[in-house]
Novice: 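Sharing a structure below in structure tokens format, with a few things to ask.
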Protein chains: 2
Amino acid sequence: MKGPALQRKRVTSRDVAKVAGVSRTTVSLVLNNVQGIQISPETRQKVIRAANELGYVPDAMAQALVSRRTKAIGLVLTRTHHHIATDAFLPKIISGLLTTAKQHNIRTLIDWVETEHQESAYFELARAKRIDGMILSTPRLDDKAIKALESADIPTVLMGSVAGSMLPFVDVDNVQAAEKAVSYLLELGHREIACISNAPPEYTAAPERVQGFRNAMAKAGAPVNERLVCFADFDPESGYRCMKSLLESGERFTAAFVASDNVAIGAKAALREANLRVPDDISLVGFDDIPWAMYSDPPLTTIRLPAEALAQQACTLLLNLIQGKEGWENNHVILETELIVRKSCKAIQ
Amino acid sequence: MKGPALQRKRVTSRDVAKVAGVSRTTVSLVLNNVQGIQISPETRQKVIRAANELGYVPDAMAQALVSRRTKAIGLVLTRTHHHIATDAFLPKIISGLLTTAKQHNIRTLIDWVETEHQESAYFELARAKRIDGMILSTPRLDDKAIKALESADIPTVLMGSVAGSMLPFVDVDNVQAAEKAVSYLLELGHREIACISNAPPEYTAAPERVQGFRNAMAKAGAPVNERLVCFADFDPESGYRCMKSLLESGERFTAAFVASDNVAIGAKAALREANLRVPDDISLVGFDDIPWAMYSDPPLTTIRLPAEALAQQACTLLLNLIQGKEGWENNHVILETELIVRKSCKAIQ
DNA sequence: CTTTCATGCTAACACGTGTTACTAACTCGT
DNA sequence: ACGAGTTAGTAACACGTGTTAGCATGAAAG
């Protein structure tokens, strides 16, 4: 496959040139298929044959150095160790990213930024020119970081919108989606509805989803009991704690909108512990439609978030940005959500 | 933070040298803190001050080119698009990898190899010298690919052992772990036990876990009903299908060992559809202890696989390999598993 | 016979860094 | 005063590629 002799030495374009009996320049011109230049078909063949014979693969670092393109993008995660480990969405995002990246022959670098050293880490990646651009997942940015990013010279796309930022982003309409979910509960006759957010309010999407809850309630003329609004923290355990405290508060409710399936899993565990059954005693609507939602017991009614499509769009947007297609700047993409009705909700009789 | 004027031009070590009034060499020597060389403290200060003032960050590509180290490792996934998207373990592996990598100031590149183009893709990454080494997750390798990898000049660590390979790997003792799980069921008095594997037998770990099942049954003198042994395919849906076909086969069983929590989730859905309750009608033991196992209804008894620790060990092993610490070659790490007893099993009376 | 022009290819530079060999100046013991 | 040794720093090369300017050669045009 690689020729008879096993070569441990690095094969460079100079070696190919020597074997083909041409100059290194010609090798480069032929293998990169440069247009508007004249090379005889025989020479082309000689070069290509030599390259195959030697198993020549151009050095990515050298290419990057001279072309000033690394052909790599970065996915930057901005959450804690623990939240990354229990993120049910990460696989979908990675899968989506890899698919699109591969189509464009681009590599994906993944990095994790501890919140304390945010800025320095952003810059390290950016200024070291290790990547051509980056995607920030679930950004939680203060004004300083946003400004630093906007003024930095590295193309950036956010997954999740950030108020006050001019950076391009990809997202769903969280307000409208949450409204859809809560409206469904209201249509089933529920009036006393609890709301557990997906994350603390400083994270993207969290306040929007709670706002959607409020909007739906207001439209239906149902009062919002503030004691039934609670902020979780991404993982099932936080959902468990939220639901437990809601139950212990003694406030009455017949349904709950949980703005994350992952959190809902924990919330349901708390209900079970209190001998409350879903949907007979409490109706539950989730958000995200993680792969396990449909296999939950009972199957969880939820809002489907097109995670893979979001990642793909983010990647496409970023690649356009990198290629300098103007008119893409400050642009954004909003994808549609869908209410998936399963069996975790029941009408009030 | 970066000085008054916003510089869009790239800052090189030459610029730093000019500002500090020294040669580029001196800049390199100072900033890399090269030992055994004499530079006066005042010059050192001048250089460091100039570097900070200009916001100098060395170009990673240029460094890689000259040092022949990219300071990046690759995580290579060898499964289908869909299996990656629904992999409950990927976040933990990534989390573990990132932690260890960050400690050593190493970046992580993630790539995905469609099974058809396996070899070419391996080599592309390796020969292009984009990474210093790679970790292969859930390898499914035929002999040709193994040999190609062994003879390639890129350090490689497998996550999951492969029979007949000399490559270093990180794994648990799958046979023993499965034995532990099934022994637990046997101790509870079960004799007619079904076995659903985590994956097709050509993948690592799958045959081992089934073998563990057989061993435990043999030791207890319980006959293995071959019609109750079934191979799933990573995701819940395959578990659902397996369990459904087991139920439709008409063969009697009181418990099932499911060699993957992810698969078990689907299997449980099939049981529920058949109006069978866990653990009252059927006892269930899973494998992996994914984050959702403890929040399942009922909480799933399972074998805990130390996924993050495995990733960390794999990373450490790889870094040793890259640094050329001999004595680490052909080495491997086996981590311990643990039976986590929850509420999905019941004793036979 | 000279001038123009296309063809086929190459020498030479640039990218930004790490590192080795070397030099100039200065100290010091005798 | 003089060779020996230390100190502080630099010039020059290497890494492997992409790209521009230019050089022969031969053919066509005047």
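Chain letters run A, B, ... following the sequence lines, proteins first, then strands; residues in each count from 1. Please read these numbers as outputs of a predicted model, since none were measured by experiment.
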Novice: Less than 4.0 angstrom between a side-chain N/O of B:T26 and OP1 or OP2 of D:dG9, yes or no?
Specialist: no
Novice: Could you check how far CG of A:D59 sits from P of D:dT17, rounded to whole Å?
Specialist: 6 Å
Novice: Can you check the B:I39 CD1 to D:dT7 C1' distance for me, whole Å?
Specialist: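 Computing the B:I39:CD1 to D:dT7:C1' distance gives 10 Å.
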Novice: Decide, yes or no, whether a salt bridge links A:D132 with A:R68 under the criterion of side-chain N to carboxylate O below 4.0 Å.
Specialist: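 No salt bridge links A:D132 with A:R68.
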Novice: Just checking B:S13: base, sugar-phosphate only, or nothing, at a heavy-atom cut-off of under 4.0 Å?
Specialist: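 The answer is sugar-phosphate, as B:S13 gets under 4.0 Å only of primed atoms, P, OP1 or OP2.
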Novice: Touch check for B:T12, heavy atoms < 4.0 angstrom, all strands: base, sugar-phosphate only, or nothing?
Specialist: sugar-phosphate
Novice: Please verify the inter-ring angle class for B:W112 with B:H81; under 30° counts as parallel, over 60° as perpendicular, anything in between as tilted.
Specialist: tilted
Novice: Can you say whether a donor on the side chain of A:S23 sits under 3.5 Å from an acceptor on the base of C:dA11, or the other way round?
Specialist: no
Novice: For B:L65, report the nucleic acid contact type (base, sugar-phosphate, nothing); a contact means any heavy atom under 4.0 Å.
Specialist: base
Novice: Between A:D87 and A:R79, is there a salt bridge with N-O shorter than 4.0 Å?
Specialist: yes
Novice: If the cut-off is 4.0 Å, is A:R68 near the phosphate of C:dG16, judged by side-chain N/O to OP1 or OP2?
Specialist: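 So the side chain of A:R68 is within the cut-off, an N or O lying under 4.0 Å from OP1 or OP2 of C:dG16.
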Novice: To the nearest Å, give me how far apart CZ (A:R14) and C1' (D:dT17) are.
Specialist: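 Roughly 10 Å, once rounded to whole Å.
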Novice: Determine whether B:D59 and B:R10 satisfy the following criterion, salt bridge (Lys or Arg N to Asp or Glu O under 4.0 Å), listing intermediate values before the conclusion.
Specialist: CA-CA 9 Å; B:D59 185 298; B:R10 178 126 198 78; 3.6 Å; yes
Novice: Rounded to whole angstroms, how far apart are CE on B:M61 and C1' on D:dG18?
Specialist: 16 Å
Novice: What's the closest nucleotide to the A:T43 side chain, out of D:dG18, C:dC9, C:dT17?
Specialist: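 My answer, after comparing the listed nucleotides, is C:dC9.
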Novice: Do A:S40 and A:T43 pass the side-chain hydrogen bond (donor to acceptor under 3.5 Å, both in side chains) test, and can you show the C-alpha distance, the side-chain angles, and the key distance before you say yes or no?
Specialist: CA-CA 5 Å; A:S40 77; A:T43 309; 2.8 Å; yes
Novice: Tell me whether the OP1 or OP2 atom of C:dC9 has a side-chain N or O from A:S40 closer than 4.0 Å.
Specialist: yes
Novice: Which whole-number value in Å describes the distance from A:R10 CZ to D:dG16 C1'?
Specialist: 8 Å
Novice: For C:dG18 and B:Q63 - does any side-chain N or O of the residue sit under 4.0 Å from the phosphate oxygens OP1/OP2?
Specialist: yes
Novice: For D:dG18, does the base pair up with any side-chain atom of A:R24 as donor and acceptor (N or O, under 3.5 Å, distance only)?
Specialist: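 A donor-acceptor contact between them is present.
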Novice: What closest approach, in Å, do A:T99 and A:Q312 show between heavy atoms, and which atom pair accounts for it?
Specialist: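 Distance-wise, the nearest heavy atoms are OG1-NE2, 4.2 Å.
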Novice: For the atom pair CG (A:L98) and OG1 (A:T108), what is the distance rounded to the nearest 0.5 Å?
Specialist: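 If we round to the nearest 0.5 Å, A:L98:CG and A:T108:OG1 are 5.0 Å apart.
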Novice: Counting only heavy atoms and a strict 4.0 angstrom limit, can you tell me which residues of residues 29-38 of chain A come near DNA chain D?
Specialist: A:N32
Novice: At 4.0 Å (heavy atoms only), tell me whether A:S28 reaches a base, stays on the sugar-phosphate, or touches nothing.
Specialist: base
Novice: Give the rounded distance in Å between these two atoms: CZ of A:R130 and P of C:dC15.
Specialist: 21 Å
